[in-house]
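Read the structure below first, then the notes.
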Amino acid sequence: MDGSHARLERLTSMLRRRGVILPAFEIHGGVAGLFDFGPIGGRLRRRLKNSWLEHWMSQGDIVEIDSPTITPESVLIASGHVGEFNDHMSECISCERAYRSDHLVDGKHPNPDILTADELDAIIAESSIHCPSCGATDWKPARPMNLMFSTRIGAMKGGRTAYMRPETAQGMFMLFPALYRHFRNRLPFGAVQSGKGYRNEISPRQGMIRLREFNMAELEYFIDPEVKPQHDFSKWSAIEFSLVPDPELGQPLKMGPEQAATENIIRHPTVAWFMARTWDFLVGVGIDPSKIRFRQHEGTEMAHYATDCWDAEIQGSYGWVECVGIAHRGCYDLAAHETATGDKNLRAWRPYDEPMIVDKTILAGKGSVIGPVFRDKAGLVNTALEELEVLTSEFPFKLSLVDGTSVTIEEDMIEEKRIQSTEHGEWFLPHVVEPAFGIDRILWHVLDHAFDESEKGGEPYTVLRLNPSIAAIDVAILPLMEKDGLDDLANNIHQTICATKNLASYYDGSGSIGRRYARADEVGVPWAITIDHESLQNGSVTIRRRDDGKQMRIQPDDLVAALASDTISALF
RNA sequence: GCGGAUGUAGUGAAGGGGUUAUCACCUGAGGUUUCCAACCUCAUGUCACGGGUUCAAAUCCCGUCGUCCGCACCA
């Protein structure tokens, strides 16, 4: 443990020293939970995000959207975040332990969630709630603990309360009608969004693991709950995942995704599918496969919206850390927004195989009687009669109208009528499966797993074994000496590479060649080229592979082409 | 949020009421060097922030902020 702690300190030091990840606002004293991505980290994160986007977009039925980070309060009330995030805490005066106030009054009130701080304090005092830890009954006043950053839209007094979004998912739900049109009314489809999320954590700790402003990347995949999903799991037939089910349901085991879905360990095949695709992504960006496991949320731990949730956890310097949450949210969100707004565009249309002929017997008002009796209310009466679920044969009876009044219906006012209609399908709320990725946590573990300490000539030697597809810098340009025109040639090559799409190089001419290799290795540059006197004669340069130090000569044009097409490894 | 520890160049550390704050590595310049942290010379850069005590504060005191550990919390 001490050894791994020391390694963690060396890693964090290196990340600061080399401009990968640094505490933000440091000259003003710093702010916990906020980090800068420096010249290496910024590009590294960009590439990780791009890999993520490409990974999901490659599926063909997924599009990218982007929505505001400032979110009106009503959206987050509907989604449940305002309630969830507005916990009150009560602190015991004698032992100073803090507990959630609503948990303390559990059982003393039918719905403790909705109580204000004063109401909570009143119940705690009246019922002389004992501290679960020390048994005392004296409590400090309940204090709200809002985990969202609040702000106001609009200046002056007329502003509207808003929050910085705690997740990007709501953006996708807001855009459901547009997505549904985009996909020509056909499920399943998905939308991804990658951006900032905000949570005003009480005490951010553990470096990049718990942040106040963080990079999240979420996918919402909308499905028809009545259609059996068709997923091809053959790609993972030989792979077994480490699965940790809810302890009440089963023991940890190793199993492929298809079998786990078949045996109902993973409750929905689409969740299994996204777990498998997530595994591919993580391994593809350089996470050690043996350090990935999927853990099922326990019933009590499940987020307010989820019906089944599996976290992809990655093992690193901080132990097992949740980096991806793959949740089956059911129709929770769309239903909540529909209820809150009354908007009917959050549904999808499911055609029946055969049109359905619906026979209905209704009580229809006789216009000649209803009209004169009820006059301007006659229309309302007719509507109410048609909507009656249970037909009565007792008269007279009271009929409630939508305007809140009620009228008395006599037998002679109505007649039974059979009507027949043909229904071709129905509107339903799609279900959604949501893989949500903490980009910063994944980036941290990519660095953690790539950080390789060894020895070279008796000296400690550090190599960041980043996957070339996400390494911040593709190639280091090293003139053997900065004279005789070697530096000019090196600079030309540097310019050419930087001007090539998706490639970045850096020029380093100071210090011995070994020192410069070491500097490049430390930040994970996969390739280094040196320019020597032979380069001046025939143009060729030496290319060195980071991971084994192997070298060969190559023409700069061929090098750029091979780098751009990612075929350079094949040359060795 | 509570308790404990702590904050000195980019990194890691030593020191400490007194005039120019020390060391190593790193970084930069020059020299040397024909491919894996070599060597020589020189140089840049630091006492977290704010207040107090004092003739004098980086040092003592208080507060704030940050960091680490424990408790609590953790879409």
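Chain letters run A, B, ... following the sequence lines, proteins first, then strands; residues in each count from 1.
- In the set B/A37, B/A29, B/C35, B/A29 carries the atom at the smallest distance from any side-chain atom of A/S510.
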Protein-nucleotides 21-26 of chain B N/O pairs closer than 3.5 Å?
from, atom 1, to, atom 2, distance (Å)
B/C26, OP1, A/R515, NH1, 2.8
B/C26, OP1, A/R515, NH2, 3.1

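- Remark: the A/H297 side chain and the A/D246 side chain contain no N/O donor-acceptor pair separated by less than 3.5 Å.
- As rounded to the nearest Å, B/C35 and B/A9 have P atoms that lie 38 Å from one another.
- The pair A/R465-A/D452 meets the salt-bridge criterion, since a charged nitrogen lies less than 4.0 angstrom from a carboxylate oxygen.
- OP1 or OP2 of B/C36 has not a single side-chain nitrogen or oxygen of A/S512 nearer than 4.0 Å.
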Heteroatom pairs (N/O) under 3.5 angstrom, protein to nucleotides 61-67 of chain B:
from, atom 1, to, atom 2, distance (Å)
B/C65, O2', A/G29, O, 3.3
B/C65, O2', A/G30, O, 3.3
B/G66, O4', A/G29, O, 3.3

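- Atom-to-atom distance recorded for A/I326:CD1 and A/T270:OG1 is 12.0 Å, nearest 0.5 angstrom.
- Between A/K196 and A/D440, no side-chain nitrogen of the basic residue sits less than 4.0 Å from a carboxylate oxygen of the acidic one, so the salt-bridge criterion is not met.
- If you take OH of A/Y517 and P of B/A37, they are 11 Å apart, rounded to a whole angstrom.
- Here the side chain of A/Y461 is nearest to one of B/C35, B/A37, B/A75, namely B/A37.
- To the nearest 0.5 Å, the span separating CD1 on A/I543 from OG1 on A/T530 amounts to 9.5 Å.
- Atom CG in A/D484 sits roughly 12 Å away from atom C1' in B/U33 (whole-Å rounding).
- Checking B/A75, B/C36, B/C35 against every side-chain atom of A/R544, the shortest atom distance belongs to B/C36.
- Between the P atom of B/U33 and the CG atom of A/L486 lies a distance of 14 Å, rounded to the nearest Å.
- A/F214 comes within contact range of at least one nucleobase, with a heavy-atom separation under 4.0 Å.
- We find that CD of A/E26 is positioned 16 Å from P of B/G7, with the value rounded to whole Å.
- Residue contacts shown for A/E9 are absent, as no nucleic acid heavy atom lies under 4.0 Å away.
- Nearest approach of A/A562 to A/L571, heavy atoms of both residues: CB-CD1, 4.0 Å.
- Residue A/M14 is out of contact with every strand shown, counting any heavy-atom pair closer than 4.0 Å.
- Taking 4.0 angstrom as the limit, A/R16 places a side-chain polar atom (N or O) nearer than this to OP1 or OP2 of B/U11.
- With P as the reference atom, B/G28 and B/A13 are 24 Å apart, rounded to whole Å.
- Taking atom CZ of A/R329 as the reference point, atom P of B/A75 lies 13 Å away to the nearest angstrom.
- The existence of a salt bridge linking A/R7 and A/D448 is confirmed by a sub-4.0 Å separation between a basic side-chain nitrogen and an acidic carboxylate oxygen.
- Spacing between atom CZ of A/R441 and atom C1' of B/A75 amounts to 10 Å, rounded to whole angstrom units.
- For the pair A/E213 and A/Y198, the tightest heavy-atom approach, listed with the atom from each and the gap, is OE1-CE2, 3.1 Å.
- Counting only N and O atoms by type, the side chains of A/R165 and A/T69 include no donor and acceptor under 3.5 Å apart.
- Residues A/W310 and A/F274 keep their aromatic ring centres 6.0 Å or farther apart.
- Mapped onto RNA chain B by nearest heavy atom, A/R516 and A/M216 fall at different nucleotides, with A/R516 at the one closer to the 5' end.
- Checking B/U32, B/A75, B/C35 against the side-chain heavy atoms of A/T530 singles out B/C35 as nearest.
- Look at CZ on A/R18: it is 11 Å from C1' on B/G10, rounded to the nearest Å.
- Nucleotide B/U33 holds its P atom 12 Å from the CG atom of A/L480, rounded to whole Å.
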Problem set entry | Strand RNA chain B in bracket notation, Watson-Crick/G-U under 3.5 Å with | for pairs to another chain | (((((((..((((....[...)))).(((((.......)))))....(((((..]....))))))))))))....
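- Candidate nucleotides B/U34, B/A75, B/G12 were compared by shortest atom distance to the side chain of A/S13, and B/G12 ranks first.
- Between A/E73 and A/R160 there is no salt bridge, since no side-chain nitrogen of the basic residue lies less than 4.0 Å from a carboxylate oxygen of the acidic one.
- Using a 4.0 Å cut-off between charged side-chain N and carboxylate O, A/K291 and A/E313 make no salt bridge.
- Taking the charged nitrogens against the carboxylate oxygens, A/R516 and A/E522 have no contact shorter than 4.0 Å, which rules out a salt bridge.
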